[in-house]
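Everything on this sheet refers to the single structure shown next.
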Amino acid sequence: MTHPVDQRLPLPQTVALGLQHVLAMYAGAVAVPLIVGGAMKLPPDDLAYLINADLLVSGVATLIQCVGVWRFGVRLPIMQGCTFAAVTPMVLIGTTGGGLPAIYGAVIVSGLLVVALAPFFSRLLRFFPPLVTGTVITIIGITLLPVAATWAAGGAGSPSYGEPRNIALAAAVLALVIALYRFAPPALARIAVLLGIVIGTLAAIPFGFTDFSHVGRADVIGVSTPFHFGLPTFEVAAIVSMIIVMLVSMTETTGDFIAVAEITESDLPPGRLADGLRADGLSTALGGAFNTFPYTAFAQNVGLVGLTGVKSRWVVAVSGGILVLLGLFPMLGAVVAAVPPAVLGGAGIAMFGTVAATGIRTLSRVSFSGNSNLLIVALSIGIALVPLGAEGIYDKFPHWFQIIMHSGISAGCVAVILLNLLFNHTDKKVVAQS
């Protein structure tokens, strides 16, 4: 029998499910170029170019990860997008004199390093037992929920942020997704998130939440050419910062791969993990050449796989193809960009909550009696939530420390790995004597 990961669904169903994945990750996909470009005060045309390049390479990266090319690609339903862990260092590099060429030089070098390190990093899989992976997956879901809440309120920086009508729209979309998932036929239940987003967007138009007037002003075709902003420069400080980011990203990506393998009931031996990490590095290096940024697995789409129960990697491969089209045809991207943040917020609560629930399910297989596992989980989640509850708490710390600890996901990942090593992989007698 064909494994669900390799199952090929009818084309109309595959396209609908693929579009659902794109809508689930679109806001996160374009956020990084918007934040970095905005911090560098780039003109609107350059910002639009960054977004188109990002969508194009996101699509290529997703295709490499899902379909696989030689020893590149984990061949699981994984969506790729720019990692938020790189935002802070890239802003610092771009605004302190290096500009985009210095960012891209650091991105290319760090991506190639990930390709080289992938087989060695994958051998550490024994240090990722269910205790670690379940905690990491739970942390990913919990730390993403504030993102969904921000969308539900109208989006960060929106003049209407927090207005009751935004919350009402998000709640209505969430209620619709729940109703479809519970009462609709299986074929419609699978695309409950897509239907919720589409119906929510259409219902929002008469109330002034969004309009499609800007679609006609968008370019029909836009092709990203290599080194559009100049040849890359290679500055040591920038490269070191980006290498740290990519090491953190490799840990996060490993957690996402393990989560998807858990959801799809797939094996993830070290060789397959190495192929996935190698694809991450290749995509990141391509990003540096094609005017965009480092790439990693997107956790919100991991949640969508768990929520819909659709495990086929070919569905997500179609999502990659749609992203390529959005990158090549900016007018299509403008249509997707018209989806109100509040609509995405309602769907995001369901998806990110599913990620956290998947982690809890993994932890249910862990023994918590006669050991320190409960303490490990408690401390790791607590450390992960610190930067969410006290924004800017690490602003006065060294740059390398901020890179790791400003992200709740990376902080929690590092904490659970180190605590698991301390309590479960060291000889207690040696520790006591030392």
Side-chain angles (χ1 to χ4, degrees), residues 5 17-33 50-69 71-87 107-108 110-112 114-115 118 140 144 224 245-246 248-261 264 268 272-305 312-328 333 336 351 355 409:
V5 165
L17 291 166
L19 180 59
Q20 181 171 243
H21 273 283
V22 171
L23 291 174
M25 61 86 68
Y26 185 88
V30 301
V32 173
L50 287 179
I51 291 172
N52 290 338
D54 175 36
L55 293 173
L56 175 64
V57 181
S58 288
V60 173
T62 299
L63 287 168
I64 294 173
Q65 202 66 271
C66 293
V67 178
V69 179
R71 295 304 304 275
F72 295 86
V74 73
R75 293 168 173 82
L76 289 172
I78 290 286
M79 287 288 287
Q80 296 284 107
C82 285
T83 173
F84 284 87
V87 168
V107 169
I108 291 171
S110 62
L112 294 175
V114 170
V115 173
I140 290 172
L144 284 174
S224 178
V245 167
M246 292 310 297
V248 172
S249 179
M250 289 174 77
T251 304
E252 294 182 18
T253 297
T254 299
D256 287 328
F257 287 167
I258 293 172
V260 169
T264 60
L268 188 67
R272 191 175 197 175
L273 174 60
D275 292 346
L277 294 174
R278 201 178 281 117
D280 254 19
L282 175 62
S283 301
T284 296
L286 287 175
F290 282 87
N291 320 293
T292 182
F293 307 115
Y295 284 87
T296 188
F298 259 31
Q300 51 261 58
N301 296 90
V302 175
L304 189 56
V305 172
S312 172
R313 62 189 172 105
W314 299 108
V315 166
V316 182
V318 168
S319 305
I322 294 172
L323 285 174
V324 170
L325 291 176
L326 293 178
L328 293 175
V336 177
M351 292 184 296
V355 176
I409 295 175

Minimum side-chain heavy-atom gap Met250-Asp280 below 4.5 Å: no
Close side-chain approach of Pro77 and Thr264, heavy atoms under 4.5 Å: yes
Approximate separation, where rounding is to 0.5 Å, of Asn291 CG and Ile51 CD1: 13.5 Å
Any Leu286 side-chain heavy atom under 4.5 Å of Tyr295 side chain: no
Distance in Å, Leu323 CG paired with Leu56 CG, rounded so as to fall on 0.5 Å steps: 9.5 Å
Considering all heavy atoms, the nearest Thr292-Cys82 contact: OG1-SG, 3.8 Å
4.5 Å side-chain heavy-atom contact, His21 and Leu304: yes
Student check: side-chain heavy atoms of Gln80 and Val57 closer than 4.5 Å: no
Exam field: side chain Ser319 to backbone Val22, donor-acceptor pair closer than 3.5 Å: no
Closest contact, heavy atoms only, Gly18 versus Ile322: C-CD1, 4.0 Å
Heavy-atom closest contact (Ala279 atom, Gly73 atom, distance): CB-N, 3.4 Å
Ser58 side-chain N/O to Asp54 backbone N/O, donor-acceptor pair under 3.5 Å: yes
Point-to-point distance, once rounded to the nearest 0.5 Å, from CG of Asp256 to CZ of Phe298: 10.0 Å
Between CG on residue Leu112 and CE on residue Met246, distance to nearest 0.5 Å: 10.5 Å
Minimum heavy-atom distance Val115-Gly281, with the two atoms named: CG2-C, 3.6 Å
Worked verdict on Thr284 versus Val114 for side chain to side chain contact (heavy atoms under 4.5 Å, CB included): CA-CA 9 Å; Thr284 296; Val114 170; over 6 Å; no
Gap separating the CE atom of Met25 from the CG atom of Leu55, nearest 0.5 angstrom: 8.0 Å
CA sep, side-chain torsions, deciding dist, call: Trp314, Val67, side chain to side chain contact (heavy atoms under 4.5 Å, CB included): CA-CA 7 Å; Trp314 299 108; Val67 178; 3.8 Å; yes
Contact check, side chains of Leu273 and Val74, non-hydrogen atoms, under 4.5 Å: no
Flag side-chain contact, heavy atom, 4.5 Å: Ile78 against Val316: no
Pro294 side chain reached by Val107 side chain, heavy atoms, under 4.5 Å: yes
Closest approach of Ile108 to Ala285 (non-hydrogen atoms, all atoms of both residues): CG1-O, 3.8 Å
Asp275 and Arg272 ion-paired at < 4.0 Å: no
Euclidean distance, Thr254 OG1 relative to Leu277 CG, rounded to 0.5 Å: 4.5 Å
Heavy-atom donor-acceptor pair, Thr62 side chain to Met79 backbone, under 3.5 Å: no
